[in-house]
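All remarks here apply to the structure that follows.
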Amino acid sequence: MSRSYSHLGVVVLAGGLLTGGGVTGAAQAQDADPGAIVNALVTAGGNQPKVRASGAKGVCVKGSFTPSAEAPGLSKAPHFTKTVPVTARFSMGGSNAKISDKAKPVTRGFAMRMTDPSGDMVFVVISAPVFSTKTPQQLLDFATVRAPGPDGKPDAEKIKAFATANPETTRQGAWLNARPVPASFAGVDYWGVHAYTLTNAKGVATVAKLKWVASAGQLGLTDDELKAKPDSFYADELKERLAKGPASFDLVALLGEPNDPVNDPTVAWPEENRKAVKLGTVAIAAIEPDATCDAATFDPVVDLPEGVAGPATDPMFAVRSPAYAVSLSRRAN
Ligand code: HEM
């Protein structure tokens, strides 16, 4: 990926912390092959044919995005100047297309494409403020230790040893385990996990993490409610919900402060102490045929407009584009 960040008004130090100034610093050398990561992710989910390497089970939907009055003050993206159409997909984390909707600790995913004649704005986000790994090599290792053995189960000892040696990879699971299983794809918040840089028409750059706040609130299932549910209920729940009206999410920018890490998606910012600016509202209106979402991939790296940039120093960000492309070619052929 060759992108110039020199026009931005922030500095990312070699250590990946946010300070004031212009952006410098190259991504750390990370050499895990995106194809190998995709293979390991698919293997960990039981090696099912024609599946996404993550988010294999999901529901395709459509709706619109309406920006707030404040949004253009932060970003010059055309998508922040008018209501635009949205194609989106809610999903369960992982490559097991038969995973139970009751699974825990598993992220729920929300991939969305805001379309505009000038180009798309794509975000692919999860129901946790942190990702599970901080480098592509660590993701490869994380997935590899989860490969099922001859008995169809991964080696619990190997997983334990990996977690002990890589404590930051346990944060996401701990966060999810501390919360109930969502009752609805529309009843949980989603996070972009990476630090984005928003640049307005005057060239002023702001580093922010993005969060999608569910208008329905956090709809968690009690243990008894969870037990009573079938393994697949999200698709029907969403259909019933949308028959009554759109399911919406406020897109909020949580503004970075000095020393907030910008290159490590396993670390959350203390968001209760960060200024939050509403950028707009995503309103999901209807179910869309799977084919619409299956035809392409939601590429959160390449499909960004001027005025929204991913983090140059976060190695987990850049690797998503080639990995999603490999996954698409595997499931499309
Ligand atoms: C770091 C934050 C990340 C988040 C929040 C995230 C989230 C998601 C979500 C929600 C999906 C489902 C997309 C859909 O419904 O079509 C997905 C798909 C996928 N993710 Fe990620 N992911 C992240 C990082 C990565 C990384 C680092 C890799 C690999 C290096 C990766 C590999 C994939 C692949 C291969 C797919 C399937 C894409 C397709 O077939 O269309 N993800 N991801």
Side-chain angles (χ1 to χ4, degrees), residues 27 30-45 48-61 86-97 99 106-113 122-144 168-169 171-172 175-176 185 188-196 209-212 234 262-268 288 290-303 310-311 314-333:
Q30 294 300 335
D31 49 13
D33 173 48
I37 296 174
V38 168
N39 281 342
L41 291 171
V42 172
T43 301
Q48 295 164 18
K50 306 279 175 196
V51 289
R52 283 172 173 76
S54 187
K57 181 182 186 185
V59 187
C60 190
V61 291
V86 173
T87 303
R89 188 169 176 274
F90 292 108
S91 59
M92 293 291 295
S95 65
N96 176 3
I99 190 172
V106 172
T107 49
R108 276 63 185 163
F110 187 15
M112 74 206 81
R113 179 185 306 283
V122 167
F123 297 109
V124 182
V125 302
I126 48 173
S127 62
V130 288
F131 196 63
S132 47
T133 60
K134 63 179 179 182
T135 65
Q137 183 61 49
Q138 194 178 48
L139 178 58
L140 178 58
D141 297 341
F142 180 92
T144 302
E168 64 279 9
T169 64
R171 282 183 205 136
Q172 186 187 78
W175 196 94
L176 291 164
F185 277 137
V188 66
D189 295 342
Y190 296 85
W191 284 261
V193 305
H194 303 289
Y196 285 83
K209 289 213 177 186
L210 303 178
K211 181 177 179 183
W212 283 255
Y234 282 145
V262 295
N263 65 350
D264 185 351
T266 68
V267 179
E288 177 72 8
D290 284 345
T292 306
C293 288
D294 293 349
T297 186
F298 294 87
D299 187 324
V301 180
V302 169
D303 288 335
D314 174 353
M316 293 303 291
F317 186 71
V319 75
R320 294 178 72 178
S321 183
Y324 288 36
V326 171
S327 176
L328 174 65
S329 73
R330 282 178 54 132
R331 63 184 166 80
N333 294 312

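Atoms within a ligand are numbered from 1 in the order they appear, just like the ligands themselves. The structure presented is a predicted model; accordingly, all values stated were derived computationally and were not measured.
No side-chain heavy atom of Gln172 sits under 4.5 Å from any side-chain heavy atom of Thr133. Side-chain contact between Val42 and Arg331 is absent, with no heavy-atom pair separated by less than 4.5 Å. In this structure the side chain of Thr87 reaches within 4.5 angstrom of the side chain of Cys293, judged on heavy atoms. With a 4.5 Å cut-off on side-chain heavy atoms, Phe110 and Trp212 count as touching.
Less than 4.0 angstrom separates some heavy atom of Phe298 from each of these atoms of ligand 1: 16 (O). Remark: ligand 1 atoms within the under-4.0 Å shell around heavy atoms of Ile126 are 5 (C), 7 (C). Atoms of ligand 1 found under 4.0 Å from any heavy atom of Val124 (numbered from 1 in listed order, with element): 5 (C), 7 (C), 8 (C), 9 (C), 10 (C), 11 (C), 43 (N). Close approach of ligand 1 to Gly109 (heavy-atom distance below 4.0 Å) involves ligand atoms 10 (C). Below 4.0 Å from some heavy atom of Leu139 lie the following atoms of ligand 1, by number and element: 26 (C), 27 (C), 28 (C), 29 (C), 30 (C). Short contacts between ligand 1 and Thr297, defined as distances under 4.0 Å to a heavy atom of the residue, involve ligand atoms 38 (C), 39 (C), 41 (O). Listed by number with element, the atoms of ligand 1 under 4.0 Å from a non-hydrogen atom of Val125 are 10 (C). Residue contact check: Ala323 has heavy atoms under 4.0 Å from atoms 29 (C), 30 (C), 35 (C) of ligand 1.
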> Are Arg108 and Phe185 close enough, and set up right, to give a side chain to side chain contact (heavy atoms under 4.5 Å, CB included), and what steps lead you there?
Replying inline: CA-CA 7 Å; Arg108 276 63 185 163; Phe185 277 137; 3.7 Å; yes
> Can you check side chain to side chain contact (heavy atoms under 4.5 Å, CB included) on Phe317 and Tyr196, steps first, answer last?
Replying inline: CA-CA 10 Å; Phe317 186 71; Tyr196 285 83; 3.9 Å; yes
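When the options Arg320, Lys134, Gln138, Arg108 are ranked by their closest heavy atom to atom 24 (C) of ligand 1, first place goes to Arg320.
Across Ser127 and Leu176, no two heavy atoms sit closer than the pair O-CD2, 3.6 Å.
Atom 21 (Fe) of ligand 1 has Tyr324 among its coordinating residues (N/O/S atom, backbone or side chain, under 2.8 Å).
Of the protein's non-hydrogen atoms, Arg52 NE, 2.9 Å is the one closest to atom 16 (O) of ligand 1. Ranking protein heavy atoms by distance to atom 37 (C) of ligand 1, first place goes to Ser327 OG, 3.4 Å. Nearest non-hydrogen protein atom to atom 13 (C) of ligand 1 is Ala111 CB, 4.0 Å. Given atom 27 (C) of ligand 1, the protein heavy atom at minimum distance is Met316 CE, 3.2 Å. The closest protein non-hydrogen atom to atom 14 (C) of ligand 1 is Arg89 NH1, 3.3 Å.
A donor-acceptor pair under 3.5 Å links the side-chain atoms of Ser327 to the main chain of Ala53, judged by distance alone. Within the 3.5 Å criterion, the main-chain N or O of Thr266 finds a donor-acceptor partner in the side chain of Arg171. When atom types are taken as modelled, the side chain of Lys209 and the backbone of Val193 share a donor-acceptor pair closer than 3.5 angstrom.
Neither the backbone nor the side chain of Pro265 comes within 4.0 Å of ligand 1, counting heavy atoms alone.
Residue contacts with ligand 1: Ser54 is placed with no nitrogen or oxygen under 3.5 Å of a nitrogen or oxygen of the ligand (distance criterion only). Considering backbone and side-chain N/O atoms, Arg331 comes within less than 3.5 Å of an N/O atom of ligand 1.
Between Asp290 and Arg89 no salt bridge is recorded (no basic side-chain N to carboxylate O distance below 4.0 Å).
None of Asp299, Asp303, Val326 except one satisfies the side chain to side chain contact (heavy atoms under 4.5 Å, CB included) rule with Ser321; the exception is Asp299.
Assignment of Arg330 to the shell around ligand 1 is not supported, since no heavy atom sits closer than 4.0 Å.
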